[in-house]
Structure formats: structure tokens, C-alpha cells
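Comments concern the structure below.
The chains referred to below are lettered A, B, ... by the order of the sequence lines, with proteins before strands, and numbering in each begins at 1. Computed from a prediction, not measured in an experiment: that's the story for all the values here. The figures here come from the full heavy-atom set of this structure, side chains too, leaving out hydrogens, waters and symmetry mates.
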Amino acid sequence: MLTNAPRGTKDILPDTVGDWLYVEDNIRSLCRRFGYQEIRTPMFEHTELFQRGIGEGTDVVDKEMYTFTDRGDRSITLRPENTASAVRAYLQNKLYADNALTKLFYIGSMFRYDRPQAGRMREFHQFGVEAIGESNPAVDAEIILLAMKLLQGLGLNDLELYINSVGCPTCRAKYRTMLQDFFRDKLDDLCEDCRSRFDRAPMRILDCKRDAEKPYMKDAPKITDCLCDECSDHFQKLQKHLTKAGVKFELDPRLVRGLDYYTKTAFEVKYPPLGAQSAVAGGGRYDGLIEEMGGNPTPAVGFATGLERVLLALEKQGLLPDNNRSVDVYVVALGEAAQEEAFKLVMDLRDAGFSAAVDYAGRSMKAQMKQANKLGAKFAAIMGDDELSEGVVMLRDMAGSEQEKVPVNELINKLK
RNA sequence: GCGGUCGUGGUGAAGUGGUUAACACACUGGAUUGUGGCUCCAGCACGCGUGGGUUCGAUCCCCACCGAUCGCCCCA
């Protein structure tokens, strides 16, 4: 127990950190080009923030939150996602005062109490983006393109982009009754879950796996047929923008969000080779959220991508760069006097900008040479009694195996 | 939260109800008392996820727990 990280958590070890940095560097440079600025919000917030911002009735809020009472008797929750916090920070710090459109991105740990499996951790990492303050569908398109470009830029090819519109509260209310009318006489044929969804969340019946094969399912009304003029226009324009940008997408009427403040655009990016956890990115518009949280009505769009899943996909495709760090100079010291000199030499080399290593264990020359080889040292600088008395170092080119004596005080110039 | 599979050294991985738990790689040392990458030799699990139980005896059988993994649910 003592030597095991909690279930669903993982150490990111030195040999993997390079992969993360690689992805994060890509994210930061892409966001800079798209004009999104990084924001870092607290890892935990008041529980109510997520209850309001994500919504009661969602799995995330109802059964996946890490919630506890702190010593001041406040209910605190480890963030399960970052949109609610970003919006909170936007309102609290009045970011709307600086610009009509606020474009933010974040990278960080999120926490959900769920059953772990490949691509699903209790502590996991998301990169996400929020564009707050603009209702133009071009922003929806910009965000989708940002997600796609990130993934494609990393080399991922077999991506599938699904989009849908969930309308606004007005068209959704209309759609809801249409759906209920459609299913009312089929209730007896539906599964138990669906019967209970009928009143609460009739839209969810459409995604039911058990009832998916029922012949009448494909005749069910589609939300996109019920959109009001404004929502419909928005959806058309989004598609136009995507097409113009040369992105392929599929319409997926089953892509829904349950809560009222999710509006219009919903999208998801899948990478099917990942299996069960193939959703790599997802997002959409939430024109109702800011008002729900006490701000002035403000339109906004965002998305998030799961970095573990992106990394899994990259690994699967062999798209991770090798980040083997090699050492410039390995100083081999023989004997105590040489060790002291070697220590000084290593420090001087490092000051001069080289990466340099020594052995501290007083091991045999052979062992030190082996180590130099293992570290991929370009040069070995050998210091024994002979070299010491001559004030030189035996500089050996590890690749070519030729070596020559070089005065210690000329070594750095020689290597440059 | 539900169902399936699995859990042996640093890693991969054989194995059996009963003496010394294969093998490979890695690692350490040596052959080469001042020279790596090849070769050869040697060393390296008081222990087979944890805790119970069955048994004369269990790593191998049973139960529970923990963990990993796959699928469902949900999502990133």
C-alpha cells in the first residue's frame, strides 16, 4: 500500500516526461498562433461550482466527484473538468472588461472517481480551450479546427469528427415533446432504462445501446429538423466554415448534451484504434452557462482533449519522438586524486554549456567506460595518474575510437 | 457501479500439490591489474500481489481483499 500510488493514478516517470513535454509544446505553440492565452485555475473549487456548472443529473456530478469537507467545514471538490473553473475565473476577475472575446486555454490534472482502464484514469490530464463572448459560428469552427490541427499536427490520421447541433432551450423544448409523442406508443417495447428516460431525458433514448437496433429508431425525429431559424442558420454556417477549411466531418444526431445551458454546436473527435475509450476530444457551445453562474448572458464555446488518450494514440502509431538525451563528455577518473580533478573538470564543462557526467562510486575504468557508452557519451575524457602529472586528459571519441592527449585548460576550446 | 481475464526476480516469461522455482534480457563482477560497444564465465527470487482457509504439505486448490487489463456504463 505504502509503495503503491492510489488506484487510478500514475507516476509520469523521467523516460516519459519527454513525451508529455512534446505534446505540451505543440499545444502551446498552436494556442499562441490561434491567440489563446493560458490560464491556470485551482485544482479544487467549491463543490457548488461544479454542481451548477456541470449540472446535477450528470454522471460526473452525481457519482464521479472527489468531494470532501475541509477543516473549515466547506465542501470542496477536486475539479473534474476545467470549464466551470475557467468561467468562474472569467467572472471573478472580470476578464470581459478587457476584450469582447476572451480566448483561454489550460493544461492540467482533472479528477474523476471512475473505474480505471486503459485511457481512463482517476487523475487524468486535459488540454482545453474556452472562447467566451462571441456567438458567431466561426468561433465554433475555429475551436474545432484547433482541436483537429493539434491532433493532425502530431501525426494522427484516422481521426473522425462528428458534429451536431442541440439547439437552444426553445427548439429543444419543441423537440422534446416531438420525441415523447414519437415514443409514447412504443414505451412497452423499450428497455427499462429508456422507459425511465422518457420523462427525464427523452433525448437519451436515442443513444441507448440496447434499443439501437429497433427498426423504428431511424424514423425518430431528429433535433436538427426542429431547430429554430437562428440555430439552424448557425449550424449551416458552421458546416460551411468547416468545409471551406477542408475538414471532413460527419453529422451525428445522437451526439447530445443533457443540460439546458449547452446550446447549438456539439462535437466529438474519435480515434477508433483506441477501442472503448476512443473519444479523444469533445466540446461544444454553452451559451447559457455564464448566465447560469450569475454573469450577464454571454455566449461561449469550448472543448477539451484527454492527454492520456492522445499519448496512447501517438504511442500506438509510433509517433512519439525519441528523446534520448546523450551526454557530451563522460569524465573517467582513476584514483582519488584524479577524482578530485575530474569533479572540477565536470563542473567547468557544465559551466561552459556541455552536459558532462562522472562516476562517484570509484568504479573500475572498464565500468566507467561502459557507463559512458550507455549514456551515449560523445567523448570520454580519461584522467589517470599519468594524465594528471602531465596536466592533460585523454580525450576519446566514443564513436570513432581514436583518442589524443589534450591539455586540461584547452579541453573546452577543443570541444567547441 | 456491473461482467470477463490476469497478478511468479529489475523486466519479459516457463512451471509443479511435496528435494536446489526454468530460460531470456537487464544489472554487477571477472576473463582484459588504464579503455566501452562483440564474445565467454560467474553472481543475482529465505520467494511466486495481500490476508485467510483446505491439506501431513501450497506458488500451484478454495474464499476475500488489493491491483492491472478488456468490455458495459459514462466520458477526455
For the residue pair A:Thr9 and A:Glu123, confirm or rule out a side-chain donor-acceptor distance under 3.5 Å. no
(request) Measure distances between side-chain N and O atoms of A:Ser364 and base N and O atoms of B:G34, and say whether any donor-acceptor pair falls under 3.5 Å. (result) no
(Q) Can you say whether a donor on the side chain of A:Arg120 sits under 3.5 Å from an acceptor on the base of B:C74, or the other way round? (A) yes
Here the distance between atom P of B:A76 and atom CG of A:Leu255, to the nearest Å, is 10 Å
Checking B:G37, B:G34, B:A76 against the side chain of A:Leu334 (C-beta onward), the nearest is B:G34
Assess the side chains of A:Asp287 and A:Ser135: does a donor N or O sit below 3.5 Å from an acceptor N or O? no
note: A:Lys366, atom NZ; B:G29, atom P; distance rounded to Å ~ 9 Å
Review point. Can you find a donor-acceptor N/O pair under 3.5 angstrom joining the side chain of A:Glu387 to the base of B:G34?
Key: yes
Which of B:G29, B:C75, B:G1 is nearest the side chain of A:Ala367? It is B:G29
Considering only heavy side-chain atoms of A:Arg396, the closest of B:G34, B:G37, B:A31 is B:G37
To the nearest angstrom, the CZ-P distance between A:Phe267 and B:C75 comes to 15 Å
Q) With rounding to whole Å, what would you report as the distance between B:U16 and B:U8 at their C1' atoms? A) 13 Å
To the nearest angstrom, the CE-P distance between A:Met365 and B:G30 comes to 14 Å
Practice problem: Give a yes or no on whether the ring-centroid distance for A:Phe303 and A:Phe127 is below 6.0 angstrom. | Solution: yes
Here the distance between atom C1' of B:C75 and atom OH of A:Tyr262, to the nearest Å, is 12 Å
